[in-house]
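Here is the structure we will look at.
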Amino acid sequence: MRWPKFFLVAGFIAFLWGRGSLPQLAAAQPADEVLLTITYIQPEAGEVMLVWGVDGWQTVPEAERPSQTTIHNGVMWTPMTLASGHFVAELALPVGTTVDYGFLVTQRLDGTAVSIWEADGSRDFQVVTTTDQQLTHPSAISPYDASQ
């Protein structure tokens, strides 16, 4: 009598697995998604936001956004994590997604609030996702510059 129970339980697990109801057993990242890791090197900053959008500054559905991402003026703001003097954000996105982004320094290292935008000259940074990628951007500005 053990075999019928086994097949019943195994069949139920297979059913849930097929419906995607067992995410802890499935792969953490779907095969058609890539992980984009963006690092911003700004040792004088205390807080930095990754300001970004996809395919022409569009937002992604809330469930697909990194934790603590908010929407301001129609674009996503993701707090970057400070790790060893570098600010890091990770985005899981479908292959072929165009990501437009820049960095908003919102606080100096001394805690003073600022609002300093950094991008690629007069344009924003942009990348098309193809494989897992790690991008590093050393800052070209100082949040302590008197003109800021």
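Residue numbers run from 1 in the order of the sequence given. Predicted model only: the values in this text are computed from it and were never measured.
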Legend entry - Inter-residue atom distance L135.CG - T37.OG1, 0.5 Å rounding: 8.5 Å
Inset, instruction - Count the heavy atoms belonging to other residues, nucleotides or ligands that lie under 6.0 Å from CG of N73, then report whether that count exceeds 12. - result: no
Inset, instruction - Determine whether more than 12 heavy atoms belonging to other residues, nucleotides or ligands lie under 6.0 Å from atom CD of Q134. - result: no
Inset, instruction - Scan F125, W117, F87, W77 and name whichever one has a ring pair (Phe, Tyr, Trp, His ring centres under 6.0 Å) with F103. - result: F125
Legend entry - Distance in Å, R123 CZ paired with D100 CG, rounded so as to fall on 0.5 Å steps: 9.5 Å
Inset, instruction - Please check if V48 and V114 belong to a single hydrophobic cluster, counting links between Ile, Leu, Val, Met, Phe, Trp and Tyr side chain heavy atoms closer than 4.5 Å. - result: yes
Legend entry - Modelled atom types, side-chain donor and acceptor of T106 and E47, under 3.5 Å: yes
Inset, instruction - Say whether, by atom type as modelled, one donor and one acceptor occur between the side chain of D32 and the main chain of P94 under 3.5 angstrom. - result: no
Legend entry - Distance (rounded to the nearest 0.5 Å) between T112 OG1 and Q107 CD: 8.0 Å
Legend entry - Main-chain N/O of T98 paired to D55 side chain as donor or acceptor, under 3.5 Å: yes
Legend entry - Closest non-hydrogen atom pair between E33 and A92, with its separation: OE1-CB, 3.7 Å
Inset, instruction - State, yes or no, whether a side-chain contact exists between V105 and E118 at a heavy-atom distance under 4.5 Å. - result: no
Inset, instruction - Go through the steps for Q42 and I141 under the test side chain to side chain contact (heavy atoms under 4.5 Å, CB included), then give the verdict. - result: CA-CA 8 Å; Q42 176 43 277; I141 62 169; 4.1 Å; yes
Inset, instruction - Measure the shortest side-chain to side-chain distance between V60 and W52 over non-hydrogen atoms and say whether it is less than 4.5 angstrom. - result: yes
Inset, instruction - Drop me the distance from W57's CH2 to Q126's CD, to the nearest 0.5 angstrom. - result: 9.5 Å
Legend entry - ILVMFWY cluster, V99 and V128 together (side-chain gap under 4.5 Å): no
Legend entry - Closest contact, heavy atoms only, T130 versus V34: O-CG1, 3.8 Å
Inset, instruction - State the CG-CD distance between L36 and Q133, to the nearest 0.5 angstrom. - result: 6.0 Å
Legend entry - Verdict with supporting geometry, I71 and R65, side chain to side chain contact (heavy atoms under 4.5 Å, CB included): CA-CA 10 Å; I71 305 294; R65 297 176 197 153; 3.8 Å; yes
Legend entry - Pairwise side-chain contact, L50 with Y40, heavy-atom cut-off 4.5 Å (strictly under): no
Legend entry - Distance in Å, M49 CE paired with T78 OG1, rounded so as to fall on 0.5 Å steps: 8.5 Å
Inset, instruction - Answer whether the closest heavy-atom distance between the side chains of T136 and H86 falls below 4.5 Å. - result: no
